[in-house]
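Structure below; questions to follow.
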Protein chains: 2
Amino acid sequence: MSGMLEDIDARIAAVLAADGRCSYTELADKVGLSVSAVHQRVRRLEQRGVIRGYAARIDGEQIGLPLTAFVSLTPIDPAEPDDYPQRLLPLPQIEACYSVAGVESYIVKVRVASPSALEALLAQIRATANVSTRTTVVLSTPFEDRPITVGGATPESTTRAEHT
Amino acid sequence: MSGMLEDIDARIAAVLAADGRCSYTELADKVGLSVSAVHQRVRRLEQRGVIRGYAARIDGEQIGLPLTAFVSLTPIDPAEPDDYPQRLLPLPQIEACYSVAGVESYIVKVRVASPSALEALLAQIRATANVSTRTTVVLSTPFEDRPITVGGATPESTTRAEHT
DNA sequence: GGTGAAAAACATAGGGT
DNA sequence: ACCCTATGTTTTTCACC
């Protein structure tokens, strides 16, 4: 296989998924390589697009965006070109856009300040994308953005042995 | 108001949401404060829980988890205590869990290696949580995890002026 | 809150195995 | 591919405003 991920790369990815600001020193310690070897691998992972970037996880409730919702989109005119994601991209309240199998075509995840802001956003979505919408309001988020687990590689699998 | 976010903290959060590995030096430059002032503010944001942590964004397709789905959960026994999130927590394939308003009670987002892995996971979810499930398979993800925009504060709003 | 400077830790590049 | 060493940067703490 060509695109498969080596075990050690999987562990690096798992560690960084759990702690994006982990230092190369600590990372090296955790996966059992030297700092430079780890650094090299991380750069390759970034280059290959396995690591797409780094982000701080922000608590939406504390920054004035307490209302999250999932909005399912159904095209009104089936003859239209399918460029919905592009049309939705300019709306910054839309955090994610998924093309899905099912009665509806897309699901987007949105974050807004209030019910009236959601109302306004839905109107914008319908207008800019020419779709009908079905909205599911999130009441609470027990957990979110959990670090990936790839092939049994959890962040705390290995600790480097001393080599003195 | 007590919990409201200052403008400069909002900008810090926005920058770190867009680039979680941004150095304090660069951050200080972008928001127009000294390195130590920014560092102090970031620590306070972390402490207050505004910044919940940092994560590398991993491309699921490249690490052997190409299949994403949203699974809606409906409790079978309405008399049961509502501890579904706790019961789902041990399943690492579940990346997020939302309590929602609507016909169903929860929506969880899952990542798996294959259709058969999805089938197995759904069986596990039904068994451990005593729910019925409705699954929407993600065909593609035009965009995801876009950095937050809080009160007009985008990462590239301000650059520090030289003070020589 | 904010600043600036010093010490410690870290990132990064080069050369060797 | 990996390790080690050397250099420049960044983080972190601290005394002061």
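Letters go in sequence order (proteins before strands), and every chain restarts at 1.
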Review point. Which part of the nucleic acid does B:Ser36 contact within heavy-atom distance under 4.0 Å: base, sugar-phosphate only, or nothing?
Key: base
Study note, to complete from the structure: A:Thr141 meets the side chain to side chain contact (heavy atoms under 4.5 Å, CB included) criterion, sequence neighbours left out, with A:Val138, A:Glu144, B:Tyr98
Check your understanding: Out of C:dA13, C:dT3, D:dT12, which nucleotide sits closest to the side chain of B:His39?
Key -> D:dT12
Point to revise | Separation of C:dG2 C1' from B:Asp9 CG (nearest whole Å) | key: 14 Å
Practice item. Identify whether any heavy atom of B:Ser23 sits under 4.0 Å from a base atom; if not, whether one sits that close to sugar-phosphate; answer base, sugar-phosphate or nothing. Key: sugar-phosphate
Revision key, fill the gap. Whole-Å distance, A:Tyr24 OH to D:dC3 P, equals 16 Å
Exercise for review: Determine yes or no for a side-chain-to-main-chain donor-acceptor pair under 3.5 angstrom, with B:Arg87 supplying the side chain and B:Thr128 the backbone.
Suggested key: yes
Check your understanding: Quick one: on DNA chain D, does A:Ala37 or A:Arg21 contact a more 5' nucleotide (nearest heavy atom)?
Key -> A:Ala37
Review point. According to a strict under-4.0 Å criterion, is A:Thr25 in side-chain N/O contact with OP1 or OP2 of C:dA11?
Key: yes
Review point. Are the side chain of B:Gln62 and the backbone of A:Arg48 linked by a donor-acceptor contact shorter than 3.5 Å?
Key: yes
Exercise for review: Can you figure out which of D:dT13, D:dC2, D:dT12 approaches the side chain of B:Arg43 most closely?
Suggested key: D:dT13
**Study point:** Interatomic distance, B:Ile8 CD1 vs C:dG1 C1' [rounded to whole Å]
**Key:** 11 Å
Check your understanding: C:dT3 P sits how many Å from B:Gln40 CD, rounded?
Key -> 10 Å
Exercise for review: Write down the distance between CG (B:Leu27) and C1' (D:dT9), rounded to a whole number of angstrom.
Suggested key: 16 Å
Check your understanding: Rounding to a whole Å, what distance do you find between A:Glu26:CD and C:dA8:C1'?
Key -> 16 Å
Study note, to complete from the structure: A:Leu33 atom CG is separated from D:dA1 atom P, nearest whole Å, by 12 Å
**Study point:** Residue pairs, two or more places apart or on separate chains, that pass side chain to side chain donor-acceptor pair (under 3.5 Å) and touch residues 17-27 of chain A
**Key:** A:Glu26-A:Lys30
Exercise for review: Using only side-chain N and O atoms of A:Arg41, determine if any of them is under 4.0 Å from OP1 or OP2 of D:dC2.
Suggested key: yes
Review point. Going by atom types only, do A:Ser116 and A:Ser114 share a side-chain donor-acceptor pair under 3.5 Å?
Key: yes
Review point. B:Asp29 CG to D:dT11 P: how many Å, rounded?
Key: 13 Å
